[in-house]
Amino acid sequence: MWAHAAVALLGLALLNLVCQASCLGAVVTLQPVHQDGDYEVRAYTSVITPEPCSSPLREVCPGPNCSTHINSSPLRGLYPSPGWCLQQWQEVVSTKSTSRLQLSSETNVLLKSWADLSVRLDNQKVNQPPHVALLPPLRVSVNCFRRFPLRIRDEDGDRVQCRYANPEWGECQACSRPAFLQLEDGSCEVVYTGVGQTGQHTLELMVEDFNASNTVLSSTPLYFSLTVEEESTDCDELPAFTEQTPPEGAIFKTMPYEKVNITAGAHSSERMVLEIAVVGPPGLSVSTVKSGEEAGSPTSVNIVWLRSPNELPHLLPICFTANTNSSQSDTRCIWIEQKQMDAIPPGAVLKCGKTEMNLSFPIESLRNLPLDDLQLNDASCPIFHNDTHVMTVIPLLGCGTETVHLGTEMVFTNILQSVRAPSAISRLPTLLLHVTCRFPAVMVHGPHYNIAMPTEEQIFGAPRFWLEFHKPGEGPFANRTQIANGAQREKRSGVRSAHRLELLDLYVFSNTSLDRAELMVGSCMQSETPDFQTKHPFVAGGCVNSNRTLELITNTSTVKIYRLDLATLSIQGTTMYVQCKVHLCIAIKATQKCPDECAGQSLDEIVDSLITRTYTVRSGPVSILDEPPTTTAAPTTTKVVTTASHAAPEEASVIAVGVAVGIIHTFVCSLLH
Ligand SMILES: *[C@@H]1O[C@H](CO)[C@@H](O)[C@H](O)[C@H]1NC(C)=O
Ligand SMILES: *[C@@H]1O[C@H](CO)[C@@H](O)[C@H](O)[C@H]1NC(C)=O
Ligand SMILES: *[C@@H]1O[C@H](CO)[C@@H](O)[C@H](O)[C@H]1NC(C)=O
Ligand SMILES: *[C@@H]1O[C@H](CO)[C@@H](O)[C@H](O)[C@H]1NC(C)=O
Ligand SMILES: *[C@@H]1O[C@H](CO)[C@@H](O)[C@H](O)[C@H]1NC(C)=O
Ligand SMILES: *[C@@H]1O[C@H](CO)[C@@H](O)[C@H](O)[C@H]1NC(C)=O
Ligand SMILES: *[C@@H]1O[C@H](CO)[C@@H](O)[C@H](O)[C@H]1NC(C)=O
Ligand SMILES: *[C@@H]1O[C@H](CO)[C@@H](O)[C@H](O)[C@H]1NC(C)=O
Ligand SMILES: *[C@@H]1O[C@H](CO)[C@@H](O)[C@H](O)[C@H]1NC(C)=O
Ligand SMILES: *[C@@H]1O[C@H](CO)[C@@H](O)[C@H](O)[C@H]1NC(C)=O
């Protein structure tokens, strides 16, 4: 029964960082992540450094396994002066690895952590190290007693203890333990006695979780920093949070693309609250302070976090505190829980259209699901089903569909879920299916983005496609189309081929100016007559389908080149016509490519890309003679026939085979029990 507990001792994950005197707080969060049947550990580091904040953490985050969270506006604060900012990065730590990192010449951070990754006896899962919240820089008046509870959550419900980092185990650098700043034994609360020295003081602490037989399962470092300031006349005169501020420890559960939007407000009877200092996960945005005119009136900020696709831990703390120029409120922390999603039902298909999202899934994939309980955000919108499938057409504007503007994307979401009468049997499965379509915001103008859906032209501009023909080694890509010496085939003898070209390169162009748009050629055919009565396809389904044609690789995404072997095309006359079906595609994520139709990736499936409708481009007559016919008064000796045929608007709409205008996806779902 405990069989896999025995084999699953995966080892320790270690990470070292040092945070010297100038650093205003740091923490590492370890998260074991199941990956390809094995576990890897992601270490998320957050460090608060004083202004001026050095730009990207290249030195600390060098390798391919590390990524910084580049934020155009990192979280910053004013107090203690000269201010600070939050820097964050994440790293895949191989088990039993150790790293030492230098943040800048002034700030270097030593944070040593480890986690036992064996499978727990109690829940048969790998232990989750505790999540320790990083508090904003803390301040206290030199004469004021103050308690600073640390904010920690352990997802396994383990007993958690805090201790000083141990110099003998190489866990700390300064290892100072000033008498006026104490960690109460075993507790996770730091106490300032009210009789200390002004200045910045730091404690290097370890947070540990224990199993039922008191074995330590992981150690998480926390660099605690406190600035002791001028004497205060009234130690109880501190800013207090307003009622609209969420309570300490509140948890906000989020689905993908869901937004957490909270207001944190504080007031102080004597002084102005000048800032609400916030520390939280990457992507957090904090509004500018809205403050009252005079002392006593509340000051507030909106704190917004939108759950976009991410690799962050599934519990994310946000901590904030209110500062006046000489005092600080208590620190409050709330937690965002990224709800875990199950796999989508097998066979489910989501199509994103201009005005609607179409979802269907086989009933079989969700046995016993009571279909009559299903509803969208707006319960009055219909859900259809036949004997085999559940289907719904979800309008982008309506049926409770929510619109989120996320970076350069517009995201539309709705939720299909079973809503059960309270009296109903609870053993039947429940469905909670999050349906999302994403569109690049290129198409969106102004703040009122939800007024109208963009047209294809707004996304891609008015694209133009054309064909050109060049002899190998000539034309705009002459470099790449040259035939190596000796590789050129012998001219065939005989009257018929004497003036005929052996090889001709077909160029397919588009004039799109969008950086990331790729030209996709779905099919091409050749014919001897302009009506294509008899046609010979040489590209089909995105693939060159004959060994008489060769695709030449260019590194330009708006051009495709095909080398036609004219000798084997058995053209009777001296001209031919070519027609191609083409479209443009943009991969939504910068790191991705458009689906390769040739590799069997269907355009019709759920893909992360935007596709134009299919355009048909035709050439005029193309001479396949090596020399221009003598009857033509050719002014030059140009041997290449160049024909351009622009896909005129009326031609452009010839075919729109099965390719919807915007097929974008992201289809997230959850099956709850
Ligand atoms: C990156 O992580 C992989 C897997 O943990 C490891 O094999 C590799 O050595 C790491 N590379 C670096 C540069 O740390
Ligand atoms: C606690 O962890 C240790 C080391 O992994 C293990 O030997 C022990 O059985 C565990 N105890 C319980 C109650 O899980
Ligand atoms: C957050 O909520 C506040 C007040 O409810 C609102 O004014 C603000 O626009 C919201 N922010 C976002 C990004 O939704
Ligand atoms: C803080 O601001 C108050 C006015 O609100 C001012 O009287 C006081 O001198 C300031 N204290 C410091 C340390 O700047
Ligand atoms: C969605 O379904 C409706 C009705 O069946 C259909 O008219 C529409 O074209 C479909 N849209 C997409 C994007 O498949
Ligand atoms: C039910 O609808 C799905 C999706 O529209 C369709 O593929 C399937 O053939 C239909 N089944 C029956 C039995 O009509
Ligand atoms: C390709 O052609 C360009 C001019 O079009 C020339 O500058 C470049 O050197 C050529 N590259 C090679 C590898 O021949
Ligand atoms: C492409 O060419 C067409 C027709 O000349 C033009 O209307 C359009 O603006 C061009 N698009 C781009 C992106 O250059
Ligand atoms: C294509 O190549 C294959 C093997 O490489 C050959 O058997 C076949 O005859 C060729 N077809 C044509 C039309 O040349
Ligand atoms: C193609 O790539 C080479 C190097 O990879 C680069 O030097 C060249 O400029 C690129 N050509 C185009 C047209 O982008």
Side-chain angles (χ1 to χ4, degrees), residues 1-15 27-44 90 92-97 112-133 149-163 165-166 169 171 183-189 205-222 248-254 311-317 333-343 426-427 429-430 432 670-673:
M1 179 177 171
W2 305 122
H4 54 276
V7 292
L9 183 69
L10 293 167
L12 307 177
L14 290 162
L15 180 75
V27 73
V28 173
T29 301
L30 294 180
Q31 176 127 329
V33 181
H34 207 123
Q35 191 92 344
D36 306 329
D38 207 348
Y39 277 87
E40 64 178 31
V41 178
R42 296 213 186 113
Y44 302 86
Q90 73 180 59
V92 174
V93 210
S94 56
T95 52
K96 291 185 176 162
S97 85
K112 180 169 180 169
S113 58
W114 66 269
D116 182 345
L117 297 182
S118 43
V119 169
R120 299 165 62 100
L121 295 182
D122 52 2
N123 63 6
Q124 299 294 299
K125 288 181 180 160
V126 166
N127 180 58
Q128 296 290 323
H131 294 266
V132 181
L150 305 179
R151 312 297 191 181
I152 300 158
R153 294 194 79 89
D154 187 282
E155 290 181 84
D156 303 313
D158 295 327
R159 183 168 62 84
V160 173
Q161 285 198 348
C162 300
R163 62 170 174 83
N166 189 335
W169 300 338
E171 288 175 334
L183 181 68
E184 294 205 329
D185 219 19
S187 82
C188 288
E189 190 166 59
L205 305 176
M206 302 302 287
V207 180
E208 298 181 323
D209 56 341
F210 295 81
N211 73 6
S213 44
N214 261 352
T215 304
V216 180
L217 300 176
S218 73
S219 285
T220 298
L222 173 66
E248 167 56 35
I251 296 180
F252 294 83
K253 298 190 175 188
T254 60
E311 289 189 336
L312 298 173
H314 106 269
L315 267 184
L316 302 167
C333 295
I334 58 129
W335 298 79
I336 293 175
E337 181 183 331
Q338 303 199 65
K339 259 171 132 169
Q340 275 168 342
M341 301 287 134
D342 292 336
S426 60
R427 273 178 298 121
T430 331
L432 183 66
S670 169
L671 282 168
L672 301 179
H673 306 292

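Values below: every heavy atom of this structure, side chains too, minus hydrogens, waters and symmetry copies.
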Quiz item: Among all residues two or more places apart in sequence or in another chain, which pass the salt bridge (charged side-chain N to carboxylate O under 4.0 Å, His left out) test with E337?
Solution: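 Per chain and number, E337 pairs via salt bridge (charged side-chain N to carboxylate O under 4.0 Å, His left out) with no residue.
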
Exercise. Report the residues that fulfil salt bridge (charged side-chain N to carboxylate O under 4.0 Å, His left out) with R159, sequence neighbours left out, ordered by chain and then residue number.
Key: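 Per chain and number, R159 pairs via salt bridge (charged side-chain N to carboxylate O under 4.0 Å, His left out) with no residue.
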
Listed by chain and number, what are the side-chain contact (heavy atoms from CB on, under 4.5 Å) partners of [X], not counting sequence neighbours?
| X | value |
| --- | --- |
| N211 | S213, T215, L217 |
| E189 | R147, P149, E184, S187 |
| E248 | R151, R332, C333 |
| K125 | N123 |

[atom1] of [X] to [atom2] of [Y]: how many Å apart, nearest 0.5 Å?
| X | Y | atom1 | atom2 | result |
| --- | --- | --- | --- | --- |
| T254 | K339 | OG1 | NZ | 9.0 Å |
| E311 | Q90 | CD | CD | 5.5 Å |
| D156 | D122 | CG | CG | 7.0 Å |
| I334 | F252 | CD1 | CZ | 4.5 Å |
| T29 | L315 | OG1 | CG | 10.0 Å |

Restricting to side-chain hydrogen bond (donor to acceptor under 3.5 Å, both in side chains), what partner residues turn up for [X], sequence neighbours left out?
| X | value |
| --- | --- |
| S218 | D209 |
| E155 | H131, H314 |
| D158 | R120 |
| Q31 | none |

Quiz prompt | Beyond-backbone contact of L205 with L150, side-chain heavy atoms, under 4.5 angstrom | solution =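 Yes - at least one pair of side-chain heavy atoms lies under 4.5 Å apart.
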
Quiz item: Which heavy atom in P32 sits nearest to a heavy atom in Q128, and how many Å separate them?
Solution: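 Nearest heavy atoms, P32 then Q128: CD-OE1, 3.9 Å.
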
Self-check item: Contact summary for V28 and T220, nearest pair of heavy atoms
Solution: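 Looking at all heavy atoms of both residues, the shortest contact is O-CG2, 2.9 Å.
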
Quiz item: Can you name the one residue among C162, P129, S219, P130 that meets side-chain contact (heavy atoms from CB on, under 4.5 Å) with E208?
Solution: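 With E208 as partner, C162, P129, S219, P130 yield a single side-chain contact (heavy atoms from CB on, under 4.5 Å), made by S219.
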
